[in-house]
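Everything on this sheet refers to the single structure shown next.
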Amino acid sequence: MRNEEMLLIPGPTPVVDSIYDAMASETRGHTDPRFVAIYKNAIEQTKKLFKTDGEVFVVAGSGTIAMEMALINTVAAGEKILVVSQGYFGDRFIKLGQAFGIEVDVLQSEWGNQVTPEEVEVKLAEGNYKAVTITHADTSTGVAANLDALVPIVKKHGALVILDGVCATAAMEEDMSKGYGQPDYKIDVILTGSQKAIGVPPGLAIVAFNQTALAAREQLERVPAYYCDIYNWMPVMNDPSKYFATPPVNLIYAYDEGMRLVHEEGLSKRIVRHTAFGKGVRAALSEYGMKAIADEQVAASTLSCILYPEGVKDAEFRAALGKKGVIVAGSLAHLAGKAFRIGHMGNTTEEMLEKAIELIGATLNEIGHTVDTAKAVERFKEDVRAVV
Ligand SMILES: *Cc1c(COP(=O)(O)O)cnc(C)c1O
């Protein structure tokens, strides 16, 4: 890998050479058959990833555009949604919905915990919810949603499941053909971005709609958007030689290569790998007296939010670690200064994480918090081996 630093923040994540190489290919016209073939392949690989019977949309934009596309193509102004929020990114759907005149109810967990299925059940029994938004892995807390418990409840109440997969897609199970409890209890919409567990540079919004979600779009009189109206993109997705708005040609090259790598490894292997990384990183850091805010049963496999031990200062720690070439992120909202976030997803490798654990230990020792680096590295290797 030609990267000089290990980008272990929860997105963007490390990009591998073959993706950089693809991205540096010659920029061609968006209707050039050579580009069109690549765009078509990227769309097909995305359909295969989600196993959807509907449509996928791969367009320029960040994950937030994908959230917007998912919501406003299924829910009209005045209709009601329930936001199941396990952190900062779950909360993002509140303002997003309100910006479009959607009535928003919210269930928020304490940071580090999950919203319980019982709470969702009680809320949905109030009736009239068009959709429920669920964040698969909340990037602020490292808490994963329990889809096996939540999807059947939402579907039983006749609402759409909108899943934010920005920090989960291609690393955690997101199978739109899967029936949760009942054959027809399925995830209706999944949205994601290119730069997290997929491991491609930022800039692409990716959204998948199943037939139920497409039927919801059909019933909307109007969508309060132009760029984000999926009906403007549908002809392009079915025939990428058509024009609606210029696609980010070089990013599509990169994404096509990223998708190729995802399918080459295989989703089931990726899920296991990420499970191993999550467990391994958290176990190793616990040897340093660093505890994840999420308990292991609810922890996401893609990133962790780690509390500092007494006396370790956030800015000092991250700056010293950064000098050693390991970049981690600070925490958001009330956890700012008290915890850091480490991504362990996408193209990140076992060797990189092993090195990162070692350098985190070295940094702690340097700033006067004595730890046993070798023991933590050993613990990482053991815990990874126990899973894969
Ligand atoms: C990063 C993230 C987003 C926002 O994506 P942007 O690309 O920054 O717009 C939304 N949801 C989750 C879960 C995320 O991790």
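Residue numbers start at 1 and run along the sequence shown. All ligand and atom numbering here is 1-based and tracks the order in the structure.
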Query raised in the report: Quick check: does S62 get an N/O under 3.5 Å from an N/O on ligand 1?
Result: yes

Query raised in the report: Is there a donor-acceptor contact under 3.5 Å from the side chain of Y39 to the main chain of D239?
Result: no

Requested in this report: Report the nearest protein non-hydrogen atom to atom 15 (O) of ligand 1: residue, atom name, distance rounded to 0.1 Å.
Outcome: T139 OG1, 2.3 Å

Query raised in the report: Should the proximity of T135 to ligand 1, defined as any heavy atom under 4.0 Å, be assigned to the side chain, the backbone, both, or neither?
Result: side chain

Query raised in the report: Looking only at heavy atoms of A137, does any of them come nearer than 4.0 Å to an atom of ligand 1?
Result: yes

Query raised in the report: Would you say T52's side chain and F209's backbone share a donor-acceptor pair under 3.5 angstrom?
Result: yes

Query - Spatial distance of atom CZ (F317) from atom CD (E366) [nearest 0.5 Å] - result: 11.0 Å

Query raised in the report: With distance as the sole test, does H344 use its side chain to make a donor-acceptor pair with the main-chain N or O of S301 at under 3.5 Å?
Result: yes

Report summary line: The protein heavy atom nearest to atom 8 (O) of ligand 1 is Q195 NE2, 4.1 Å

Requested in this report: Look at the rings of Y227 and F244 and say which category their plane angle falls in: under 30° parallel, 30 to 60° tilted, over 60° perpendicular.
Outcome: tilted

**Report entry** Contact check, D164 vs ligand 1, heavy-atom distance below 4.0 Å
**Finding:** yes

Query raised in the report: Do C167 and L303 have side chains that get closer than 4.5 Å, going by heavy atoms?
Result: yes

Query - From the candidates G61, G63, A205, the one that places a heavy atom nearest atom 5 (O) of ligand 1 - result: G63

Query raised in the report: With side chains defined as the heavy atoms from C-beta onward, is the minimum distance between E121 and K156 less than 4.5 Å?
Result: yes

Report task. Output the list of atoms in ligand 1 that are nearer than 4.0 Å to some heavy atom of M67, sorted by atom number. Result -> 10 (C)

Query - For atom 14 (C) of ligand 1, the protein heavy atom that lies nearest, with its residue and separation - result: K196 NZ, 3.0 Å

